[in-house]
There are 2 protein chains.
Amino acid sequence: MIKLAIADDHTMFVDGIESILQEEADLEVMGRCFDGQEVLDFLDKQNIDVLLLDVNLPKLNGIQVCEKVVATYPNIKILAISMFNEESYVTEILNKGALGYILKNTGRKELVKAIHTVHGGQSYFSKEVTQTIMKGLMKQRMNTEQKAKFFPKISKREKQVLQLIIEEHTTQEIADKLFISLKTVESHRSSLLGKMNARNTAGLVRIALENNMLD
Amino acid sequence: MIKLAIADDHTMFVDGIESILQEEADLEVMGRCFDGQEVLDFLDKQNIDVLLLDVNLPKLNGIQVCEKVVATYPNIKILAISMFNEESYVTEILNKGALGYILKNTGRKELVKAIHTVHGGQSYFSKEVTQTIMKGLMKQRMNTEQKAKFFPKISKREKQVLQLIIEEHTTQEIADKLFISLKTVESHRSSLLGKMNARNTAGLVRIALENNMLD
DNA sequence: TGATAATTCGGGGTTTTCCCTAGTTTTAAG
DNA sequence: CTTAAAACTAGGGAAAACCCCGAATTATCA
């Protein structure tokens with residue numbers, strides 16, 4: 001008997017998964033959690049084998065939850081479930097110790113298979129996710145310059161500049177606010193364009209907002 | 001016995017709903033559709049009472065599907081189901097003839113209740129959705145000046161330009177794409193800045209993304 | 001300690017965006 | 001049907017953003 005917990009903020013979805021899994025004789029859903037904090041509280045009291053974890057959770061997101069769970073309960077296998085086949089999501093949560101990553105458009109058979117695979121200690125990915133991971137591996141073979149384009153690691157100062165750009169401040173205004181030269185801010189802008197692989201300010205703002213790069 | 005069909009592109013979600021509804025004696029799921037076209041094809045062959053319709057469907061979206069279904073099969077009650085409590089979604093699909101609108105974070109009890117209510121010809125909304133509708137009504141009571149400030153009505157052309165700006169195209173590129181002059185696009189940009197109360201491109205993108213002004 | 005990244009700044013230039021004005025066409029309302 | 005508002009079109013000039021070059025100092029991490 002594999003003991004499970006489901007963490008997703010969409011009740012209907014949790015209900016659905018639970019119904020599906022009830023029909024499996026060797027699977028038992030022990031708990032349902034609707035945000036990241038609930039997951040941690042639940043694991044405090046209950047022991048489980050596999051955690052079905054949505055990447056986009058309120059309060060603590062799936063990545064943060066995954067990190068904490070892996071650190072505290074290394075025996076729990078984590079299967080990430082998400083609407084989005086986003087490389088950043090996939091790589092981040094896998095780096096934090098999740099064993100599998102499946103999309104919400106996978107069928108019941110594949111879901112059950114994924115749970116069994118992960119429970120056995122092996123990793124499992126949806127077909128689409130595998131492609132995404134492959135793409136990620138390709139990038140790792142690239143040199144640092146190219147890598148930087150795909151994995152935006154922006155510095156503290158760059159983040160400040162980015163924040164002010166998004167708040168509609170001009171380069172001159174940003175320079176005044178940060179007590180640095182106009183040219184320095186331009187330099188940071190240029191770095192941001194390169195790192196985030198954006199062509200202009202519009203891209204900078206879009207990518208920053210879409211990837212929640214602000215605090 | 002209420003005959004149902006489910007239209008949603010996330011298999012896992014459809015499976016879940018189906019499992020939930022199987023436990024209800026008086027509900028029967030007749031069909032599952034994964035995009036808008038499938039819904040229309042299915043209704044050609046099969047007669048149902050209630051259609052559970054996701055707003056964000058591939059090929060034909062839920063709003064388009066709703067319009068067609070209401071026109072062709074006026075007896076079918078439509079219950080919209082969505083991840084998003086977005087006013088534009090809610091009002092649009094209700095205008096097209098949907099009877100109810102519930103979010104995917106509503107529980108199984110409420111789902112079943114919503115189906116019964118809609119089947120009886122009455123409308124049903126999630127609590128959050130009701131608030132959204134209320135907010136919408138409040139807006140209608142405002143004068144045009146206030147409305148413009150908070151709810152910028154941008155024209156068709158302006159929307160096209162805005163979309164392309166967000167996709168990082170320059171003014172020249174946009175002009176070429178739309179077969180109009182550089183100066184005309186600049187003019188549209190200027191109008192957008194005024195209507196959306198933005199100071200520059202960064203603000204344009206931020207406001208557009210935060211308010212879901214794109215299709 | 002030694003390489004790497006971050007932060008700072010400058011010159012000099014091109015490209016893009018922004019502002020103001022203004023004509024024509026389309027739409028909506030009286 | 002007339003008229004006003006809006007949408008769409010555009011030009012010239014100013015401001016801002018972007019690019020390529022180079023370079024110094026300071027942090028950081030292996």
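These numbers come from a predicted model, not from an experiment. Chain letters run A, B, ... following the sequence lines, proteins first, then strands; residues in each count from 1.
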Summary of protein contacts for nucleotides 12-23 of chain C, nucleotide by nucleotide, where a base hit scores B, a sugar-phosphate-only hit scores S (4.0 Å, heavy atoms) | B---SBBS----

Would you sort out whether L57(B) and Q64(B) count as a side-chain contact (heavy atoms from CB on, under 4.5 Å), showing the intermediate values?
-> CA-CA 10 Å; L57(B) 275 183; Q64(B) 298 168 313; over 6 Å; no

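With sequence neighbours left out, the side chain to side chain donor-acceptor pair (under 3.5 Å) criterion links H169(A) to E173(A). Applying the side chain to side chain donor-acceptor pair (under 3.5 Å) criterion to R189(B), with sequence neighbours excluded, gives T171(B), T201(B). By the side chain to side chain donor-acceptor pair (under 3.5 Å) test, K183(B) is found to be paired with E186(B), residues two or more places apart in sequence or in another chain being considered.
Distances shorter than 4.0 Å separate some side-chain N or O of S181(A) from OP1 or OP2 on dG10(C).
For the pair D49(B) (side chain) and K3(B) (backbone), a donor-acceptor distance under 3.5 Å is present. Looking at E38(A), its side chain does come within 3.5 Å of a backbone N or O of F34(A) through a donor-acceptor pair. Between the side chain of N200(B) and the backbone N or O of E168(A), at least one donor-acceptor pair lies under 3.5 Å.
Rounded to a whole Å, the NE2 atom of H188(B) is 14 Å from the P atom of dT26(C). One interatomic measurement links the two molecules: CG of L192(A) to P of dA6(C), which rounds to 11 Å at whole-angstrom precision.
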Can I get a per-line list of side-chain donor-acceptor pairs under 3.5 Å for residues 65-80 of chain B, giving both atom names and the distance, sequence neighbours left out?
from   : atom 1 : to     : atom 2 : distance (Å)
T72(B) : OG1    : K68(B) : O      : 2.7
Y73(B) : OH     : L43(B) : O      : 3.3
Y73(B) : OH     : D44(B) : OD1    : 3.3

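Along DNA chain D, the nucleotide nearest K156(A) and the nucleotide nearest R157(B) are compared for position; the residue whose nucleotide lies closer to the 5' end is R157(B).
Nucleotides of DNA chain D that come within less than 4.0 Å of any heavy atom of chain A span, from the 5' end to the 3' end, dA17(D) to dC19(D).
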